[in-house]
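Everything numeric here is computed off the predicted structure, so don't read it as measured data.
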Amino acid sequence: MQNIPSVDLRDFLSDDPKRKQKFVNEIGSAFENIGFVALKGHFLDDKLVDELYGEIRKFFALPVETKHNYEIPGIGGQRGYVSFGKEHAKGRKEGDLKEFWHFGQYVDKESKWASEYPENVEVKELPRFNEVGKDAYQMLEKTGIYVLRALALHLGLDEFYFDEYAKEGNSILRPIHYPPITSEPENAIRAAAHGDINLITLLMGAQGKGLQVQNHDGEWIDAIAADDELVINVGDMLSRHTNNKLKSTIHQVVNPPRELWGTSRYSVPFFMHPVSDMRLDCLDKCIDAENPKKYEDISAGEFLHERLVELGLIKK
């Protein structure tokens with residue numbers, strides 16, 4: 001396979017059982033094979049997308065000293081600003097060539113998760129930044145819920161199996177700025193080869209070259225979405241829960257050709273996480289004689305902590 005398949009969420013949302021099943025089959029097959037799809041028909045409208053990119057550009061253009069005021073110690077980068085080169089891929093020492101922001105889950109004060117999730121960080125200098133970020137977060141989360149429903153059906157589970165885990169899940173919206181490259185990078189690229197930690201990732205901003213996906217033959221394929229598409233991929237939590245039936249695929253963001261070094265790149269992944277007490281134990285439906293159980297039992301919270309240590313965001 002030399003490109004990532006394209007699917008349309010409107011098929012799943014239609015009242016036509018055949019169209020709904022078509023979507024389930026297409027996304028299920030894609031996630032079993034390459035682990036990535038381009039998705040049309042999501043809940044982000046053009047106005048919200050334009051507003052979000054406008055606010056993101058304004059934030060990353062703020063003075064470095066101002067941005068550092070929003071870097072919150074002691075929470076492993078879960079909310080607010082994370083400065084340039086702070087994060088690295090698992091197994092690498094070089095920091096990635098990026099800075100980013102984290103919006104987190106919005107729950108009522110009565111929620112059992114209210115005490116577990118840090119507060120979102122308000123940017124004083126940009127009155128619309130937080131409101132627009134929340135709107136985008138909630139539309140991406142809504143899209144992700146429907147994708148997980150389709151995957152539940154593909155796996156032979158109840159359609160709403162993932163709802164209770166994802167609806168107040170520890171999901172993160174991460175606007176990323178890859179600044180212009182000013183000198184020859186030594187071993188570092190914009191985002192080194194990695195798999196995502198979470199259930200699924202919904203990515204805005206894969207319209208230009210840069211994001212690459214590794215296929216089964218070890219070849220790197222450019223993952224380029226149309227203007228109205230999100231790129232969605234399986235994360236390690238979902239791969240683990242399905243005993244690797246659904247594939248978490250290694251991907252990277254490579255440096256642009258030298259003539260484009262002077263340009264910034266922005267992308268906005270939504271990392272869809274479950275609540276921390278979800279069990280990621282391999283589903284019985286995904287274990288058989290040909291596919292014995294590959295992973296030890298673990299909760300989502302335990303798995304996330306392990307990976308944040310490996311990424312350098314939490315110190316042991």
Side-chain angles (χ1 to χ4, degrees), residues 1-7 25-39 87-98 147 151 154-155 174 176 178 181 184-226 229-258 260-261 265 267 269 271-272 280 282 286-288 290-296 303 306-307 310-312:
M1 180 177 290
Q2 286 305 312
N3 55 358
I4 61 171
S6 181
V7 296
N25 294 346
E26 287 174 347
I27 199 166
S29 171
F31 281 175
E32 285 192 25
N33 290 300
I34 188 86
F36 271 75
V37 293
L39 180 105
E87 185 181 68
H88 58 78
K90 178 180 173 181
R92 283 179 70 106
K93 291 191 172 63
E94 297 85 13
D96 289 340
L97 303 180
K98 66 189 181 192
V147 169
L151 294 175
H154 175 70
L155 293 166
R174 173 189 280 192
I176 304 172
Y178 302 101
I181 297 170
E184 189 77 47
E186 190 176 337
N187 296 327
I189 60 175
R190 284 183 158 174
H194 65 283
D196 291 343
I197 301 170
N198 39 292
L199 291 171
I200 56 174
T201 300
L202 298 85
L203 176 69
M204 302 169 60
Q207 277 72 35
K209 274 196 170 187
L211 177 64
Q212 295 184 329
V213 178
Q214 195 171 43
N215 68 13
H216 291 329
D217 298 322
E219 302 165 328
W220 288 103
I221 299 167
D222 288 321
I224 303 174
E229 290 178 330
L230 300 172
V231 169
I232 304 186
N233 64 279
V234 176
D236 291 348
M237 286 185 182
L238 186 59
S239 179
R240 188 179 184 113
H241 195 38
T242 63
N243 201 34
N244 210 32
K245 181 181 175 74
L246 303 182
K247 303 288 190 294
S248 177
T249 303
I250 298 295
H251 50 286
Q252 64 184 7
V253 180
V254 295
N255 298 332
R258 189 176 283 265
L260 295 177
W261 277 13
R265 177 187 171 98
S267 70
F271 299 115
M272 194 151 194
L280 299 180
C282 299
C286 299
I287 301 170
D288 57 32
E290 290 182 14
N291 299 282
K293 184 177 174 183
K294 296 179 174 68
Y295 303 104
E296 296 297 313
F303 184 70
E306 277 182 17
R307 290 294 298 273
E310 290 169 348
L311 292 175

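The shortest distance between side-chain heavy atoms of Lys98 and Arg174 falls below 4.5 Å. Contact annotation: the side chain of Pro269 never approaches that of Leu202 to less than 4.5 Å [non-hydrogen atoms, C-beta and beyond]. Residues Ser267 and Tyr178 meet the side-chain proximity criterion, which asks for heavy atoms closer than 4.5 Å. No side-chain heavy atom of Ile197 sits under 4.5 Å from any side-chain heavy atom of Phe271.
Checked for salt-bridge contact, Glu32 and Lys247 miss the test: no charged N lies under 4.0 Å from a carboxylate O.
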### Task
Take Leu203 and Leu230, measure what side chain to side chain contact (heavy atoms under 4.5 Å, CB included) needs, and give me the verdict at the end.
CA-CA 5 Å; Leu203 176 69; Leu230 300 172; over 6 Å; no
### Query
Passes side chain to side chain contact (heavy atoms under 4.5 Å, CB included), Val37 versus Val231? Steps please.
CA-CA 6 Å; Val37 293; Val231 169; over 6 Å; no
### Query
So Leu211 and His251, side chain to side chain contact (heavy atoms under 4.5 Å, CB included) or not? Walk me through it.
CA-CA 7 Å; Leu211 177 64; His251 50 286; 4.2 Å; yes
### Test log, rule side chain to side chain contact (heavy atoms under 4.5 Å, CB included), inputs Ile232 and Phe31
CA-CA 9 Å; Ile232 304 186; Phe31 281 175; 3.9 Å; yes
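With rounding to the nearest 0.5 angstrom, the CG atom of Leu246 is 15.0 Å from the CE atom of Met237. Rounding to the nearest 0.5 angstrom, the gap separating the OG atom in Ser248 from the CG atom in Leu238 is 8.5 Å.
One N or O on the side chain of Asp288 and one on the backbone of Glu290 form a donor-acceptor pair closer than 3.5 Å. Judged by distance alone, with hydrogens and angles left aside, the side-chain atoms of Asn198 form a donor-acceptor pair with the main-chain N or O of Ile200 at under 3.5 Å. Judged by distance alone, the side chain of Arg307 and the main-chain N or O of Asp236 form no donor-acceptor pair under 3.5 Å. In terms of modelled atom types and a separation under 3.5 Å, the side chain of Glu229 and the main chain of Ala226 share a donor-acceptor contact.
Cys282 pairs with exactly one of Thr242, Ile287, Asn291, Asn244 by the side-chain contact (heavy atoms from CB on, under 4.5 Å) rule, that one being Ile287. None of Ile4, Ile34, Thr249, Asp196 except one satisfies the side-chain contact (heavy atoms from CB on, under 4.5 Å) rule with Asn233; the exception is Asp196.
Not counting sequence neighbours, the partners of Gln214 by the side chain to side chain contact (heavy atoms under 4.5 Å, CB included) test are Trp220, Ile250.
With no hydrogens or angles considered, no side-chain donor-acceptor pair links Asn25 and His154 at under 3.5 Å.
Of all non-hydrogen atoms in Asn243 and Pro292, the two that sit nearest each other are ND2-O, 3.1 Å.
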